[in-house]
Visitor: 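First the structure, which I've put down as structure tokens, then a few questions once you've had a look.
All chains are named by letter (A, B, ...) in the order of the sequence lines, taking the proteins before the strands, and each is independently numbered beginning at 1.
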Amino acid sequence: MSEPLLELKDIKMYFPIKEKVFKKPVNHVKAVNGVSLTVRQGETLGIVGESGCGKSTLARTIVGLLEPSSGDILFEGKSILGYNKKQMHELRRDIQMVYQDPYTSLNPRMKAGEIIAAPLKAFKMTSNLNERVYELLDLVGLKREDAEKFPHQFSGGQRQRIGIARALALNPKLLILDEPVSALDVSVQAQVINLLEDLQEELGLTYVFIAHDLSVIKHIADKVAVMYLGKVMELSDSDTLYHHSKHPYTNALLSAIPLPDPEKERQRQRIMLKGELPSPANPPTGCIFHTRCPIAQESCKQHIPVLEEKDGSNPNHQVACFYPQETEAIVSSN
Amino acid sequence: MLKKKRNLVALSILLLLTIATITADVWLPVSPGFIDAAQRLLPPSGTFWFGTDHFGRDVFALTVVAARVSLTVGFTVAVLATILGTITGLIAGYYKKADFIIMRVIDGMLAFPSLLLALALVAALGGSVTNIIIALTFSFWPVMTRIVRSAVLQINSVQYIEAAKTSGVSDPVVISKYVLPNVLSPIIVQGTFIFAKAILAEAALSFLGVGVDPSTPTWGNMLQESQIYISIAPWISIFPGLAIVVTVLALNMLGDGLRDSFDPHARKNKKRKQHFVKTKIAS
Amino acid sequence: ACGNQEQSAGGAGDSNEPAGDPVEGGTLTIAYPSEPDTLDWMSTGATPTRDIAWHIFEPLLALDNDYQVQPMIAEDFTVSDDETLYTITLRDDVKFHDGSDVTVDDVIASLDRWRTVSSVGKESDRFIESVTAVDDKTIEIQLTEVYNAFLSDMAAPKNALMIIPEEIAEEAGEQPLTPEQLIGTGPYQFDNWSRGSEIVLTKFEDYAARDETDLGGLTGEKVAYFDKLDFQIVKDPQVAINGIKTDLYDYALSIPNDLYDVVETDPSIDPVSYINGYSTITPDKSEPPFDDIKVREALNLALDKEAIAEATYGNSDFYSFDGALFDPEQTKLYSEEGTENYLNFDPEQAKELLAESDYNGESLKIMHSNDSETYKRISQIMKQQLEEVGFTIEIVPLEWATYLEQWSDPANWDIVVVGWSTRFSPNELGMLVNDINSSGWYDSERWRGLIDDWAVASDDEARLDILSEMNETVWEELPFIKVANETRLDIKGEQVQLEETWVGPRFWGAWKNQ
Amino acid sequence: MLEIKNLKTYIDTENGTVKAVDDVSFQIKAGETICIVGESGSGKSVLAHSIMQLNPSPPAFHPEGEILFEGKNLLDVSEKELRRVRGNEISMIFQDPMSSLNPVFRVGDQLIEAIRSHEKVSKKAAKKRALELLTDVGIPDPERRLHDYPHQFSGGMRQRVLIAIALAGRPKVLIADEPTTALDVTIQAQILELMRSIQKKYGTAIILITHDLGVVAQIADRVLVMYSGRIVEKGSVSDIFYRSTMPYTWSLLRSLPRIDSDASNRLIPIQGQPSNLIDRPKGCHFQPRCPFATKACLEIDPSLTERGEGHWAACILSEEEFFNKKQEFEVNAQKGAVK
Amino acid sequence: MLQYTIRRLLSIIPVMLVVSIIVFMIVHLTPGNPAYLILGEDSSAEAVQQLEEQLGLDQPIVVQFFDWVTNVFKGDLGESVYSSEPVLSIILDRIGPTFSVMLISMIFTLVIAIPIAIFVVWKRQTVLDPLFISASLLGASIPEFWFAMLLVLGLGVSIPIFPVAGYIPIAEGFLLWLHHLILPAFVLATVEIGLISRMLRDGMLEAVNQDYTKTARAKGIKESVVLMKHVFANALIPTTTVIGVTIAGLLGGTVIIETIFTIPGIGQLLIDSIHRRDYPVIQGVVLFIAVIYVVINLLVDLLYGLLDPRIRYD
Ligand SMILES: Nc1ncnc2c1ncn2[C@@H]1O[C@H](COP(=O)(O)OP(=O)(O)OP(=O)(O)O)[C@@H](O)[C@H]1O
Ligand SMILES: Nc1ncnc2c1ncn2[C@@H]1O[C@H](COP(=O)(O)OP(=O)(O)OP(=O)(O)O)[C@@H](O)[C@H]1O
Ligand SMILES: [Mg+2]
Ligand SMILES: [Mg+2]
């Protein structure tokens, strides 16, 4: 097993709820509330979870756009939080991010070539700049002429490729992908996923891949973390998770995935979650999921379950639940 | 197409005016300031297209020459206020820490009647074009700051700015290459607006007796001096008045055009953008 | 109209004889173009102060319609044979607006204040030895030497010797009177002053009029027909005209002459005109180039006063060319002699003179206060004319407050354009009288000698000689250059009946027909 | 109940006329659910808007076609009549729940407005009905929620409010344009469940537009596949999923990552660029991207032909040819390995 | 909300301080001196000096500034150099007319601008729209004193419907008051009508394409109601901002109108005091304007909360 590249240690990210400068925060949005994860060299960590559960926040924390309220981030064994401006700048070579929205993440007034060249210029790697840009375009399957086009002249999938080329420009070790395909139409989505897989193979990249779509995650991730309200509920390698998920939330998620197959789909049993997603400003006491959990007990309201392995057989499968239970695998092994 | 034609018309008007006023000394038959009491208050005629004023000066020549100061004031004020306002606005919008201080100063400036400044400067240093420009710049600058700042705040959290930051692009570059080009549209619109307002403000200052030295013709002081003749010799005020109106209209048209032409794909982009952004409008 | 000079606005005077029987009551609303700083007629010579204040205050002596000194608060006055002792008796029944009677103490206190705060009073002060109350109706003023201008000084309508209660005179000292201190003896009393908006005077019911009929000018019988005089501050002449047309105002002052045609053709408006002094061009004589009389001569020769006047005043009914120091109407002060240089206009000679001088085309500053359209215009035309003979000119229009400050330093200017309102004695000739520091730095033995002569001149004839000499001095030494006599244009609604006098806006004896 | 005949919706733009909907026909019966799928920009939303006459016009116009609702052509009826139909007979849920509620008005007021725009009822009665509707769509504590503003609602709740608004007039047809795209799967499931129960209760016909083939599989009776402003295939849900005879539909299905199969196969995207609705390719519009394209495809613009009971496809290939090509392609794909 | 308001009000202090320093500097560094002005051209140097002492102008400027600031904190703005009236009462006397003109002109502006904007948005695809834009620009590009003159000549003199000048306090009769304010208010309004109707139009055009507007239409509501209710309500935020800035701007910017219509307002007061170098009054007026400005902006911000429930301050 390869070395851990990125380690998150009990990351918390609280946003004070305040409107104006003078105000003392009354409360906090606990967007990320104690997340510990490890990503190894060359693997893909998938993160899934409900909208607003803190996935993007976590990603932004990793790339240094946000300073976590507490916790530590180790990259190649070194804590990066105390980094000064210069060290941070150096770190950016190694950690890059690809954004969800292929349109808004590209400056509409810069040509594709300029966009891709920007990080190179920022690191003064300007020798052979053009060559490098062409090489990158080539790598993501775009043509040289494309360097002269503006973002709006590309299709969604192509734009996302530009974003990926930009992220790859500095030869990063780690790529954070925040819902890189959610905005794309299924056929385009397929293009991008293929590209990412090829690149990982060729360049040995490490991915943190955030998505709503569990099918996509299943397809691309080696390891999956399921988040709910700022916490990781279940963490496991991908196969195990899709076949032997234990957390009631994961179970509900999996059961809610509509399958593109009318016959199977119409026979399925779903776990319907009751209630609404609680506010991250006032998360429920005890197990944060108890308000919607179909199997919640009285004790779940008082005690907070920790993320730990429940099944001796698989040390890579951790669950934060007092009553883990495996549901019928939705993925028939055929 | 129609729009393009409009821009062309606006541009030609302004160019024509600029060229006419710059070269006025060459082609005007008489020196525009030439006082000839015998020709006082003549109505428009073949010789004097716009009539003559109380000094017997040719109103046409004066109107043309007056464009010099008026356009200079308008242009300089617009450029200065735009540059200063853009710089302060960018800084305030981009750096949260600087925001409070800059905005309090700007609020103070905004709350400060520009008239007082103009009066003070003119009182202290005389009604020179420079002083008028300084006073007007001070009064238009904070407005520009506010506008730029609000545009920057809106764009700050847009992903391509974050993307640039995470790519290691330095702040000055982010500000100049990512933020600025994307807030240019309100800047251009406001800039042309300032140009127009400055021309009017110069006129207003002249009206209050603190404008440019009366021996230098400007549209403003022409209007001011002519106001008592409004009922007996309306032409003295109508023509500079019209000149202001036409210039301002042309400028605004040009400003709109400039904004559109700056981003030739504005319409298309906008649609696409909306399409993708929609799902992200959170509460 | 009474004694209007011939040049006065053609025909305007004829229509302005009061018509019909006086009507009592009502309010007269006056559009006044600028707000006075104070209504203390003694401490300032400013026209706005004067125009309003003389309805409230009265001087001991005053000028009548023929510019003759007549008693006002005084019952009568006599001058001793050696011409140094002045005895003045007071009228019995004169009351202040606060109800108290006017006593000798009030008069002496007012005189004392006048001697310290009034520019004219200060001039007289040099000659006053003592002021004593002989009895409660009589005072005696002993002069140190013969000073023949003393009576006209006391009667001067500028920085006037107005009579105020003793306490107020002492309390105010050198400071201008505050609104509460505006207690006079005039036919109207101060009621209220909304700054920036209006000054309201009301009829003083206990007013003790003199017995004789109205003598014109500022003395004689005064009758207040109106209950109220409302001086509204209306800065814009166009507004004033519109206001008269629509009956918003009854009377408006200082209408631009160019609008005379508008006024004349409108039956609802009557023009009123009277002399208003003249504008002057004053070089700074303490420094080059104008310390050189040749350059000053060149200046005078370069100026085409007729062209200046035409472009400045427009309608030729409103100006007249006259180089004298006083107005032709002021018969006892008027002499044409010695003004031959006045209309000399010879650019060629000016050029020659300039060439002979040390002036080398350096830029000269014409300074003027920007609140006057007249100065503005004169400066501009002057610039054109001067540049034609080889001067280089820069015009510096300044706001009044700044102007006042700049004015006292010769470094700030080379020429100022400034107007002189009608003066009533050589002692009032502003910058020619006071110390050389405030005269455009006119330092002339000859002129000072003439002022001294004036003080002791024994009779009218001698005075006229001195005046001719003064004219000559002024036109030879060129301390300043007069442009032309100005006539001021006021307008009134047709229903307003008043008598035109040289004084200008004087609203006792005026009434409004229904 | 609703029949669309040869509908064309064109939109004038500076760059030319966008043929957003180009000769589309279909019909829907009471109680039926039709899903419309197709790539982004293929005209699905414009079609939906056309039915409601909500496309801004100009620039949109209908050079041809009929929208027959209960015998009346909605393209011809008066503005007033149209308003009666809107919301009352046919109602619509828009693509985005987050922005489809007016942020400055209370949820209750927006709902009551919808009720009162069709029924002359008192405010009180309307409020009562609003409460019922909110209860119907499963919003807890509706009494209190009436007074909230949209931003105080979660995405799922907003979507349900929109459904409540759409149901206020007890419409006969409900058009839902990607109602769940912005929601995560658990909430999506709740919403679909709700729509189904309403359909059962009122016999509403539902037109659902979605990208998510899983949703289609779950809910649709019949499916319309759109490409480049046209319907390229329509049929029952199993026709489309199992017996598709249109290369576009087939490619679309193939490009999905399947959660229900374990093979981490490489995904198979559709090659080429999405079609341009202004300047469309010659012949079959899909031809430049079609793996089975032949010379003939360049010439012929195929129209819908019947492939089975209610199953229509627009392709020159016959069912058999298509099947062969498919086989051949898969074999090639396997052979040619990864490229 | 209350807390927020208090906090915002407290933020007046830094703004005030900035304004105070600027105004004090400007006022005292400007040449000219009230003592000189009061005593006139012929005054003696001693008298001037004495008066300066009396007015405290002989002190170093820093001392003067601190004296003044201390007094301001005590609520004392000083007295006019000329009339010795307390500055505050002078300002309060003058604020009535200015507020009246502002109020009426704001009413004009809104009453005219809003229907115009709605109408233009309604007819957005027709020539009316570009026509309107040109007209609104025209309104904003006419020099106001010129326009005022023309209006007065037309509607005051030729067809005497309105008084040509003057101000009557509302206490002397509402109709009289109103009658005198119509022309000046209208002149002020023309400029603002152009600006505000255009802002509103832009905001509405933005809102008109939003999904919630479609939702409203899909309910079967009349287009006019859709525009006037749903679209309009959503265009109010930027418009309110502009109105706020405009009102604040009007305070210092009515001078010309006040001059032409002889309205004894704050603008006149300011310009007169500047000409007279009445330092305490100038400082007082500027400070007063600044306070009003901050308060108006606060009100605008609070109004945001009402106009858009998503904006909350607590
Ligand atoms: N800058 C911020 N200030 C305050 N709250 C924030 C901020 N950024 C995020 N949040 C809140 O933190 C929570 C988590 O947000 P985040 O964007 O990480 O969610 P997410 O899991 O990425 O959701 P989605 O799937 O919708 O992208 C949300 O409640 C969000 O409102
Ligand atoms: N008002 C308009 N002006 C110009 N073009 C338009 C307009 N509205 C839609 N279009 C174009 O019409 C085409 C169809 O758009 P439509 O919104 O129906 O796509 P869609 O199938 O709903 O896509 P998505 O799945 O992304 O929602 C697109 O190319 C779009 O750009
Ligand atoms: Mg996210
Ligand atoms: Mg759509």
Visitor: Using a cut-off of under 4.5 Å for heavy-atom pairs, which of C:Asp40, C:Asn242, C:Asp371, C:Thr246 has the most such pairs with chain E?
Guide: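 That would be C:Asn242.
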
Visitor: For the backbone of C:Arg195 and the side chain of E:Arg94, can you confirm whether one donor and one acceptor N or O come within less than 3.5 Å of each other?
Guide: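 Flag set: sc E:Arg94 to bb C:Arg195 pair under 3.5 Å.
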
Visitor: Indicate yes or no: at least one non-hydrogen side-chain atom of C:Lys235 is less than 4.5 angstrom from one of E:Asp272.
Guide: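 The answer is yes, as the side chains (C-beta and beyond) meet within the 4.5 Å cut-off.
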
Visitor: Could you look at C:Tyr249 and say if it's the side chain, the backbone, both or neither that has a heavy atom under 4.5 Å from chain E?
Guide: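 Just its side chain gets close to chain E.
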
Visitor: What part of C:Thr402 is in contact with chain E, defined as an atom under 4.5 angstrom from a non-hydrogen atom: side chain, backbone, both or neither?
Guide: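 Contact with chain E: backbone and side chain both.
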
Visitor: Which answer fits E:Asp93, side chain, backbone, both or neither, if we ask what part of it has an atom under 4.5 Å from a heavy atom of chain C?
Guide: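 Neither the backbone nor the side chain of E:Asp93 comes within 4.5 Å of chain C.
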
Visitor: Answer with side chain, backbone, both or neither: which region of C:Asp236 has an atom nearer than 4.5 Å to a non-hydrogen atom of chain E?
Guide: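 C:Asp236 touches chain E through side-chain heavy atoms alone.
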
Visitor: Please assess E:Arg276 against C:Glu35 for the test salt bridge (Lys or Arg N to Asp or Glu O under 4.0 Å), listing each intermediate value before the final yes or no.
Guide: CA-CA 11 Å; E:Arg276 287 158 199 267; C:Glu35 186 171 20; 3.6 Å; yes

Visitor: Give me the atom names and distance for the closest heavy-atom approach of E:Ala165 to C:Val239.
Guide: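 Heavy atoms only, the tightest pair is CB-CG1, 3.6 Å.
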
Visitor: Looking at C:Gln406, C:Lys245, C:Glu399, which makes the most heavy-atom pairs under 4.5 Å with chain E?
Guide: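 Result: the option with the highest number of such pairs is C:Glu399.
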
Visitor: Of all heavy-atom pairs between C:Gly196 and E:Pro264, which one has the smallest distance, and what is that distance?
Guide: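 Closest approach of C:Gly196 to E:Pro264: O-CB, 4.2 Å.
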
Visitor: Is any side-chain heavy atom of E:Leu51 closer than 4.5 Å to a side-chain heavy atom of C:Glu174?
Guide: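 SC-SC contact between E:Leu51 and C:Glu174 ruled out.
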
Visitor: Name the region of E:Glu85, side chain, backbone, both or neither, that has any atom closer than 4.5 Å to a heavy atom of chain C.
Guide: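 For E:Glu85, the contact with chain C is made by the side chain alone.
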
Visitor: Is it the backbone or the side chain of C:Ile233 that comes under 4.5 Å from a heavy atom of chain E, or both, or neither?
Guide: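 Interface part for C:Ile233: backbone (N, CA, C, O).
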
Visitor: Please state whether the side chain, the backbone, both or neither of C:Gln232 comes within less than 4.5 Å of a heavy atom of chain E.
Guide: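 Contact with chain E: none, neither part.
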
Visitor: Please classify the contact between C:Pro36 and chain E as side chain, backbone, both or neither, with a heavy-atom cut-off of under 4.5 Å.
Guide: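 The backbone, not the side chain.
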
Visitor: How long is the straight-line distance from OG1 of E:Thr30 back to CD of C:Glu405, given to the nearest 0.5 Å?
Guide: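 One gets 10.0 Å once the value is rounded to the nearest 0.5 Å.
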
